[in-house]
Protein chains: 2
Amino acid sequence: MSTVLGYRQLAERLREAVLDGVHPLGAKLPSEHEIAEAYSVSRSTVRRAFALLTEEGVIASHQGARRTVLARPREQNFGELRSFSRWARLIGEVPSGRTISLERAMADDQEAEKLGLAVGDPVFRLTRVRLLSGRPVMIERTAYVERVGTLLATVDLDRESICDALELFGIFLEHAEHAIDAINADPADAALLETAAGTALLRERRRATDPSGSPLEWSDDRYLGDAMTFIVRNSVASAPLARSIRDR
Amino acid sequence: MSTVLGYRQLAERLREAVLDGVHPLGAKLPSEHEIAEAYSVSRSTVRRAFALLTEEGVIASHQGARRTVLARPREQNFGELRSFSRWARLIGEVPSGRTISLERAMADDQEAEKLGLAVGDPVFRLTRVRLLSGRPVMIERTAYVERVGTLLATVDLDRESICDALELFGIFLEHAEHAIDAINADPADAALLETAAGTALLRERRRATDPSGSPLEWSDDRYLGDAMTFIVRNSVASAPLARSIRDR
DNA sequence: CAGTGGTCTAGACCACTTG
DNA sequence: AAGTGGTCTAGACCACTGC
């Protein structure tokens with residue numbers, strides 16, 4: 001016998017039901033009451049589970065009408081978004097990295113602002129080229145606060161996932177803000193990515209913080225335009241994506 | 001006297017409190033119990049309001065510890081994301097458009113797939129250049145299903161917001177999936193945007209559906225790379241953004 | 001009009017943080 | 001050990017959908 005279900009387990013059951021075709025795309029789902037009955041949980045627990053699926057874009061809901069299936073559930077989580085290595089393994093590619101440089105430096109204006117430091121405070125700058133199955137697809141230029149940077153010396157940057165390594169030291173990247181735009185590859189970018197100068201690159205500038213909101217890293221990642229796409233799903237009810245005028 | 005607060009109003013009060021500096025960045029917020037008491041609502045209502053702010057990336061929460069302020073609240077909603085006009089007005093720019101073409105056509109492979117039609121079914125294709133204060137910043141190439149497309153004939157495309165107009169007809173774009181990547185401007189793009197061929201463009205391909213999940217439009221929007229940035233915020237708890245290998 | 005989802009309450013217990 | 005957030009229950013009322 002299964003133990004009593006929590007809302008996460010219930011959500012997982014529902015995801016599986018959708019994947020298994022029990023609830024095809026566009027179908028009406030059972031009512032909250034029916035599901036509560038079927039799984040012997042309260043209506044609140046059912047609603048909590050549905051809230052997860054709504055956030056994931058799997059179902060739509062409207063007052064008075066039964067919920068409908070919008071899309072098939074996906075494997076995706078913050079870990080995969082944060083870590084190139086984890087993401088690559090998920091899609092069945094072999095991730096690797098080539099460290100170009102790692103240096104201790106004094107924070108410039110932008111680093112100071114993004115990391116909540118004073119200009120001149122110590123930071124660690126890491127430049128890496130990331131490869132998928134041997135093909136260079138991304139340049140990562142990251143500035144870490146000193147506390148994190150000093151740990152990097154102990155990590156085999158070309159083999160291990162920095163995220164995984166930092167977690168072993170009790171450092172968790174919990175929140176992130178991503179700014180995404182497009183730029184032409186400059187000669188340095190082009191050389192690292194083995195492409196022509198001027199190639200369109202997708203740039204992701206990311207600021208990640210620990211659970212309390214203290215900045216840990218500030219990164220400028222440039223993806224080969226024809227290798228990467230970002231996917232965002234949203235609804236009237238939740239819009240985690242915003243447009244903004246280019247911040248120069 | 002104010003009437004009894006709902007969770008949305010409570011969330012708005014809390015947003016204002018953060019904006020007004022009552023709760024500065026990084027500060028600990030009052031406990032759920034204290035807020036419930038202060039506003040004469042139940043603890044559940046407080047939690048519901050906090051859930052909104054968490055989703056917006058404004059606060060962080062951890063079991064056992066008080067919530068902390070992560071960032072200042074932003075004006076952003078789905079309407080601004082969906083509609084170029086609404087977004088432009090929000091940031092204080094004057095939006096305008098120049099319609100290049102509007103034609104009834106038969107769906108090609110991609111349109112059929114994205115709109116859930118059969119190849120050859122009727123679609124309406126609209127091409128527009130969008131301008132901010134007279135400067136071209138985006139090319140919009142959209143395919144609408146017939147039901148929506150036939151309404152477009154009655155809209156002054158260069159002056160009105162299509163979104164606003166469609167809502168008057170009872171058509172609501174409720175869900176959307178956005179795929180974002182970078183490409184070099186081809187000669188046609190360059191001419192429309194008054195820039196050089198090869199300029200990096202930020203491409204957003206978007207599929208929008210009505211509340212029940214039926215596709216209504218499929219669009220390929222190309223933004224001048226140096227004019228636009230997309231912003232995404234997320235946490236371990238919710239990841240609406242996913243990477244994906246370029247779908248060719 | 002019955003059914004369904006949206007909101008709210010009051011109370012309980014647990015897991016975790018903090019002093 | 002006390003405080004705090006996370007989870008769950010049971011029940012109530014309202015707003016909206018769809019027959």
Side-chain angles (χ1 to χ4, degrees), chain A residues 2-14 23 26-55 58-70 170 172 174-175 210-214 235-238, chain B residues 2-14 23 26-55 58-70 170 172 174-175 210-214 235-238:
Chain A
S2 151
T3 147
V4 173
L5 287 182
Y7 74 94
R8 291 163 192 281
Q9 291 100 61
L10 177 54
E12 185 51 31
R13 293 278 192 98
L14 294 171
H23 308 299
K28 301 274 182 214
L29 289 172
S31 73
E32 297 174 355
H33 180 73
E34 287 166 354
I35 292 181
E37 189 117 321
Y39 291 93
S40 303
V41 295
S42 76
R43 192 179 153 217
S44 312
T45 301
V46 176
R47 288 181 59 77
R48 200 88 172 67
F50 273 149
L52 280 186
L53 298 187
T54 303
E55 203 170 284
V58 174
I59 60 177
S61 96
H62 273 91
Q63 195 169 34
R66 290 197 171 194
R67 289 176 171 82
T68 53
V69 180
L70 269 188
F172 296 94
E174 169 120 353
H175 306 281
D210 68 12
S212 73
S214 308
S235 296
V236 170
S238 86
Chain B
S2 150
T3 146
V4 172
L5 289 181
Y7 73 95
R8 291 163 191 281
Q9 291 100 62
L10 178 54
E12 186 51 31
R13 293 278 192 98
L14 295 172
H23 308 299
K28 301 275 182 212
L29 290 171
S31 73
E32 297 174 354
H33 180 73
E34 287 166 353
I35 292 182
E37 190 116 320
Y39 291 93
S40 302
V41 295
S42 76
R43 194 180 151 216
S44 312
T45 301
V46 177
R47 289 181 57 76
R48 200 89 172 67
F50 273 148
L52 280 186
L53 298 187
T54 303
E55 202 169 285
V58 174
I59 60 176
S61 91
H62 276 91
Q63 194 167 34
R66 289 198 171 193
R67 289 176 172 82
T68 53
V69 179
L70 269 187
F172 296 94
E174 170 120 352
H175 306 280
D210 68 13
S212 74
S214 308
S235 296
V236 169
S238 85

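All figures in this text were calculated on a predicted structure; none of them were measured in a lab.
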For L52(A) and A11(A), the nearest pair of non-hydrogen atoms, with its separation, is CD1-CB, 3.9 Å
Between which nucleotides of DNA chain C, read 5' to 3', does contact with chain A run, using atoms under 4.0 Å from its heavy atoms?
dG3(C) to dT7(C)
Among E37(A), E34(A), E32(A), find the residue that satisfies the salt bridge (Lys or Arg N to Asp or Glu O under 4.0 Å) test when tested with R43(A).
E32(A)
Counting any heavy atom closer than 4.0 Å, what does T45(B) reach on the DNA or RNA strands: base, sugar-phosphate only, or nothing?
sugar-phosphate
Side chain to side chain contact (heavy atoms under 4.5 Å, CB included), that's the test. Do L14(B) and F50(B) meet it? Break it down for me.
CA-CA 9 Å; L14(B) 295 172; F50(B) 273 148; 4.0 Å; yes
For F50(B), answer base if it contacts any base atom (sugar-phosphate contacts may also be present), sugar-phosphate if it contacts only those atoms, and nothing otherwise; contact means non-hydrogen atoms under 4.0 Å.
nothing
Could you tell me whether S31(B) contacts a base, only the sugar-phosphate backbone, or nothing, with contacts defined as non-hydrogen atoms closer than 4.0 Å?
sugar-phosphate
What does R47(A) touch in the nucleic acid at a heavy-atom separation under 4.0 angstrom: a base, only the sugar-phosphate, or nothing?
base
Taking for each residue the nucleotide of DNA chain C bearing the nearest heavy atom, is the 5' side occupied by S44(A) or by R66(A)?
R66(A)
Check every strand shown and say whether R48(B) touches a base, only sugar-phosphate, or nothing at a heavy-atom separation below 4.0 Å.
sugar-phosphate
Need to verify one output field. Residue with the more 5' nearest nucleotide on DNA chain D, H62(B) or K28(A)?
H62(B)
Can you tell me the distance, in whole Å, between the CZ atom of R67(B) and the C1' atom of dG3(D)?
14 Å
